[in-house]
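The basis for the numbers below is simple: all heavy atoms, side chains too, and nothing from hydrogens, waters or symmetry mates.
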Amino acid sequence: ILVADDNPMNQIVVEGLLCRDGYNVVLASNGAAALAAIRTGDFDLVLMDVQMPTMNGIDATRAIRESNGRMSGVPIVALTANALGREVEQCRAAGMNDHLAKPIDPKLLRLVIAKWVGEGGNEAEVEPPDAPPELSAQRSVTVSAETDMTSPSSSSFMAEILDGERIAFAEFLAMALDVIDTDMQRVESSLATRDEAVLADAAHRLKGTCGSIHSTRLRVVTSSIETAARSESWERASGPFEELRGSENALKSYAGSKPQ
């Protein structure tokens, strides 16, 4: 299975789930790399992120379908953090066969794989997950970092990702925090310069990382910043940033309390 995603934490999560189920995985960090892998490899399925640098998933899918090569008909499933009707229609129009909303639900991932490469053919029905909560101007997310990361759903998810001690929980969190810190700097810088494109991209990437570790608290806040950036509402984007910083610090404290 080819997995195309530019977010390293998403790569770890998806690769961990697939390897746990016995699949061979090839990773690509953007659409161009995925296209190059398709030209030389042999895949049963492609999991394609939609928003990536260099070449996005939509353009990569079009190029694969138009290549007329031996892999031009490979099933392609979109991985999208915005599972809205319009984006799903764009994915379908580009030649994608299906879509999965991020953060990835392990059960839905297995259903999609069974649908396109399993013995069940294309008969399986895949139900979309519940939409993530949205942050309003009057409501903040007050769940603690520890509660957020140790909820039954998050704990179960982490158990699947870290099965067989492939990667230690503390190491996984440390890697996530490194990615979060980098994108937090981009968010802060773009807020200062009022660079809408960079802010939306940084918030989108940050939202993906927070989703990959099942940190609902951080994901909701970053989602609100991304939405505000795309509508160039700088006050709405600046307000949640302070809460985002506080949530990041709470997550760092929680990570620091875990044994190495």
Side-chain angles (χ1 to χ4, degrees), residues 1-19 21-129 131 197 200-201 204-205 207-208 211-212 226 230:
I1 295 177
L2 174 62
V3 178
D5 197 309
D6 65 306
N7 189 308
M9 297 312 299
N10 288 338
Q11 288 186 352
I12 289 172
V13 167
V14 177
E15 183 181 23
L17 290 170
L18 295 176
C19 289
D21 288 347
Y23 294 101
N24 295 320
V25 179
V26 173
L27 299 174
S29 59
N30 56 60
L35 187 57
I38 284 288
R39 287 170 175 159
T40 59
D42 187 10
F43 301 99
D44 296 310
L45 181 69
V46 178
L47 301 177
M48 182 81 75
D49 187 22
V50 175
Q51 295 188 41
M52 293 183 288
T54 308
M55 177 183 280
N56 63 43
I58 298 290
D59 291 340
T61 298
R62 288 198 185 102
I64 291 169
R65 296 300 185 227
E66 294 169 0
S67 67
N68 294 320
R70 60 187 178 83
M71 294 298 297
S72 62
V74 64
I76 300 177
V77 175
L79 302 179
T80 174
N82 300 308
L84 304 176
R86 183 174 59 182
E87 183 162 294
V88 172
E89 288 175 6
Q90 291 176 337
C91 292
R92 297 280 189 175
M96 294 185 180
N97 303 90
D98 212 335
H99 75 282
L100 270 174
K102 294 191 290 187
I104 298 297
D105 182 312
K107 292 180 180 177
L108 294 180
L109 176 62
R110 293 184 180 107
L111 282 174
V112 163
I113 293 174
K115 178 178 179 179
W116 294 105
V117 303
E119 295 179 358
N122 295 346
E123 307 258 337
E125 291 293 330
V126 180
E127 294 295 331
D201 178 72
H204 178 81
R205 179 182 169 91
K207 179 176 70 174
S212 74
E226 180 187 11
R230 296 196 187 284

Roughly how far, to the nearest 0.5 Å, is the NE2 atom of H99 from the CD atom of E89?
11.0 Å
With R62, which residues qualify under side chain to side chain donor-acceptor pair (under 3.5 Å), at least two apart?
D59
Of all the heavy-atom pairs spanning I64 and M71, show the shortest one and how long it is.
CG2-O, 3.8 Å
Between L35 and A60 the two heavy atoms that sit nearest each other are CD1-O, 4.5 Å
List the residues meeting side chain to side chain donor-acceptor pair (under 3.5 Å) with N30, not counting sequence neighbours, and say none if there are none.
none
Sorted by chain and number, sequence neighbours left out, side chain to side chain contact (heavy atoms under 4.5 Å, CB included) with P53 holds for D6
Between T61 and M96 the two heavy atoms that sit nearest each other are OG1-CE, 3.1 Å
Heavy-atom closest contact (V50 atom, A78 atom, distance):
CG2-CB, 4.1 Å
Quick check for you: to the nearest 0.5 Å, what is the distance between L79 atom CG and N7 atom CG?
11.5 Å
Among residues at least two apart in sequence or on other chains, which ones pass side chain to side chain donor-acceptor pair (under 3.5 Å) with N97?
R65
Applying side-chain hydrogen bond (donor to acceptor under 3.5 Å, both in side chains), which residue pairs with at least one partner in residues 37-49 are found, sequence neighbours left out?
D49-K102
Does anything in residues 26-36 form a salt bridge (Lys or Arg N to Asp or Glu O under 4.0 Å)? List the pairs, not counting sequence neighbours.
none
Close side-chain approach of V112 to L109, heavy-atom, < 4.5 Å:
no
So the salt bridge (Lys or Arg N to Asp or Glu O under 4.0 Å) pairs with at least one residue in residues 22-35 (sequence neighbours excluded) are none
When rounded to the nearest 0.5 angstrom, what distance separates CD in E87 from OG1 in T80?
3.5 Å
Less than 4.5 Å apart, side chain to side chain, heavy atoms only: is that true for I104 and L17?
yes
Please round to the nearest 0.5 Å and tell me the distance separating atom CG of N24 and atom CD of E15.
10.5 Å
Test side chain to side chain contact (heavy atoms under 4.5 Å, CB included) on I113 and I1 and set out the steps.
CA-CA 10 Å; I113 293 174; I1 295 177; 4.1 Å; yes
Kindly compute the distance separating CE (M48) from CD1 (I58), expressed to the nearest 0.5 Å.
9.5 Å
On a heavy-atom basis, the closest approach of R110 and D21 is NE-OD2, 2.7 Å
Quick one: does D98's side chain get under 4.5 Å of R92's, heavy atoms only?
yes
Specify the closest pair of heavy atoms between P103 and G211, including all atoms of both residues, with the distance to one decimal.
CB-O, 3.2 Å
Is any side-chain heavy atom of P75 closer than 4.5 Å to a side-chain heavy atom of K115?
no
Can you name the residues that form a side chain to side chain contact (heavy atoms under 4.5 Å, CB included) with A28, not counting sequence neighbours?
L2, A4, A33, A34
Using a 4.5 Å cut-off on heavy atoms from C-beta on, say whether the side chain of S29 contacts that of D5.
no
